[in-house]
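Heads up: the structure comes next, in structure tokens.
Below, chains carry the letters A, B, ... as their sequence lines are ordered, and counting in each starts from 1.
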There are 2 protein chains.
Amino acid sequence: MTTPPPGLRERKKQATREALREAALRLAVERGPDQVRVEDIAKAAGVSPRTYNNYFASREQAIVSAVTADREVRIAAAVAARPAEASLADAVTDAVVEQYTNAGEREHETLLLITTRPALRDAFLDATAGIEPPLTAVIAEGLAERPGDAGAHTARVLAASVVAAVRVALEGWLRPTGEARATRSVCAGGLVVPAGSLPDQLRAALAPLAPAFDAAERGTQP
Amino acid sequence: MTTPPPGLRERKKQATREALREAALRLAVERGPDQVRVEDIAKAAGVSPRTYNNYFASREQAIVSAVTADREVRIAAAVAARPAEASLADAVTDAVVEQYTNAGEREHETLLLITTRPALRDAFLDATAGIEPPLTAVIAEGLAERPGDAGAHTARVLAASVVAAVRVALEGWLRPTGEARATRSVCAGGLVVPAGSLPDQLRAALAPLAPAFDAAERGTQP
DNA sequence: ACGCAAACTTGCGTGCGCGCACTTTTCTTG
DNA sequence: CAAGAAAAGTGCGCGCACGCAAGTTTGCGT
């Protein structure tokens, strides 16, 4: 449907992008990320340094891109394939949690490397912004019964909020990693907040948005 | 309370920052924003170019900073001074709308200049991220009755969502300005969506988040 | 009042993002 | 199938962000 013949042009383009991704990640783990020049990445991928940043605006973006890959489309697909009786809030939460968890499980070493360097950490956080457009589309799909494009506006806000919540969760998950801090923190009330694994952080961050999703799904005035 | 004697050091620092702000904005409107070198701004403010980006990470940031000023503290103050019987959602919405409206009214010419150049437009959007920390604090204040720091986590998510919604509103408001498009757009359903003034856009974008605020304020399981 | 430590500023060097003009490759149209 | 259009790659150069290692100012303790 979308790509009967993807075209030679597009294929070479994706190949170059993939080569740059791989080269950037490989060099970053071999030597330290700070010991990698753009020239090195470009040379390893067989292109000019100028071409390199036709694809990536920064060194960190290229490295992180190897891990981030096409997370956007996978999340959107997961939400689109929801059981239809499940609420939008649950569908979005599950999709986000699963994709980030899978990515987290896949390459521990790389993730650890990324969380170490502040620059890579920031690039990793910025990369989550990429899920917003497809998320907007799929949420708008779920809100299609709303009149006019009122649902479209709501979808944009909800998608942006989800991205914001994910960012908060990732920040909360990255902070203890950066410092040598206990995995649990005790608050004044005596309650123990695990501040735990990535999935827990994500679910905790997305939970406050559930009422907004429910209200949007059932219409503003039912 | 906070600054009985602000200290000589801090005063000079703020003076330098103010001088850089003013110089950047003045030069940007005199010549085009693209015809302003960092060296010029620094020279006009009487400091070294190197000192300049101890204060601002980019040219655009300095220019926009003159308009943005201390919007963070004003929004936080406005929310903190809410009528106590008003809901958190209303308080936050009113505070945000008023501050952005006032800033918008103040200097039409400057705003128009900013919205013209894409780089300044992006910097202006990024500047809204600055309201998140104080907003988080003041929302957490409003959710103080929640046990432990569960309210704190919720406050972070809500504040981040507000920032995201504001960004969506600003994008929707900036897009028609950039192109020569009609101020109203007709959708498939025949409904006319004004896509109107900044306050309208802001309220429309913040409305979907109101249920989340209400749920958080009354507690998850009341 | 004096001197020490921390904070701020400054000159310098490096690598990088990106605009511009040009070459090469790929797609389309007569 | 050839010729022109469109798009990707390339060389070059400018300005800028930022680390580093001084020098300078401010604030505090004794």
Side-chain angles (χ1 to χ4, degrees), chain A residues 2-21 23-24 27-28 31-65 116-123 126-127 129, chain B residues 2-21 23-25 27-28 31-65 116-123 126-127:
Chain A
T2 53
T3 55
L8 208 176
R9 197 128 97 186
E10 196 62 21
R11 262 188 297 161
K12 290 194 74 170
K13 199 170 162 161
Q14 293 304 327
T16 302
R17 163 168 266 113
E18 182 62 26
L20 284 171
R21 270 206 265 254
L27 292 178
R31 350 169 170 175
D34 299 336
Q35 308 306 322
V36 179
R37 305 276 170 264
V38 171
E39 184 185 350
D40 305 331
I41 302 176
K43 190 166 298 183
V47 294
S48 131
R50 182 62 184 83
T51 294
Y52 157 82
N53 62 353
N54 286 342
Y55 287 88
F56 299 103
S58 72
R59 219 170 43 259
E60 294 77 18
Q61 209 174 67
I63 298 175
V64 164
S65 160
T116 303
R117 320 282 169 163
L120 289 180
R121 196 192 73 102
D122 292 348
D126 288 350
Chain B
T2 54
T3 54
L8 207 176
R9 197 122 102 183
E10 197 62 23
R11 263 190 295 164
K12 290 194 75 170
K13 200 171 163 163
Q14 293 304 328
T16 302
R17 161 169 265 114
E18 182 63 26
L20 284 171
R21 271 205 265 253
L25 180 58
L27 293 178
R31 358 170 165 173
D34 299 334
Q35 308 305 323
V36 178
R37 307 273 169 263
V38 171
E39 183 186 350
D40 305 331
I41 302 176
K43 191 167 294 182
V47 295
S48 130
R50 182 63 183 85
T51 295
Y52 158 83
N53 63 351
N54 286 341
Y55 286 89
F56 299 102
S58 73
R59 219 171 45 261
E60 294 78 17
Q61 209 175 66
I63 298 174
V64 164
S65 160
T116 302
R117 320 281 170 166
L120 289 180
R121 193 191 75 102
D122 292 348
D126 288 349

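Note on A:Tyr55: a side-chain N or O is less than 4.0 Å away from OP1 or OP2 of D:dG9.
Rounded to whole Å, atom P of C:dC8 lies 15 Å from atom CZ of B:Arg11. Rounded to whole Å, the distance from CD on B:Gln35 to C1' on C:dG19 is 13 Å. Rounded to whole angstrom, the span from the CG atom of A:Asp34 across to the C1' atom of D:dA17 amounts to 15 Å. C:dT10 atom C1' lies 9 Å from atom CG of B:Asn54, rounded to whole Å. Per the geometry, CD belonging to A:Glu10 stands 14 Å off C1' belonging to D:dA6, to the nearest Å. What separates CD of B:Gln14 from C1' of D:dT26 is a distance of 16 Å, to the nearest Å.
Considering only the side chain of B:Lys12, D:dT25 comes nearest among C:dT26, D:dA8, D:dT25. Residue B:Arg9 places its side chain closer to C:dC8 than to any other of C:dT10, C:dC27, C:dC8.
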Base versus backbone protein contacts along nucleotides 11-18 of chain C [heavy-atom cut-off under 4.0 Å; B, S, -]:
BB--SSBB
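The two residues B:Gln61 and B:Ala123 come nearest to each other via the heavy atoms N-CB, 4.3 Å.
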Before you tell me yes or no, could you show the steps for A:Arg21 and A:Phe56 under side chain to side chain contact (heavy atoms under 4.5 Å, CB included), namely the whole-Å CA-CA distance, both residues' side-chain angles and the distance that decides it to 0.1 Å?
CA-CA 9 Å; A:Arg21 270 206 265 254; A:Phe56 299 103; 4.0 Å; yes
Audit row: A:Arg59, A:Tyr52, side chain to side chain contact (heavy atoms under 4.5 Å, CB included) steps and yes/no:
CA-CA 9 Å; A:Arg59 219 170 43 259; A:Tyr52 157 82; 4.2 Å; yes
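Counting non-hydrogen atoms of neighbouring residues, nucleotides and ligands closer than 6.0 angstrom, the CD atom of A:Gln14 exceeds 12 such neighbours.
Counting only distance, with no hydrogens or angles, the side chain of B:Thr16 and the backbone of B:Lys12 share a donor-acceptor pair below 3.5 Å.
B:Leu27 places a side-chain heavy atom less than 4.5 Å from the side chain of B:Ile41.
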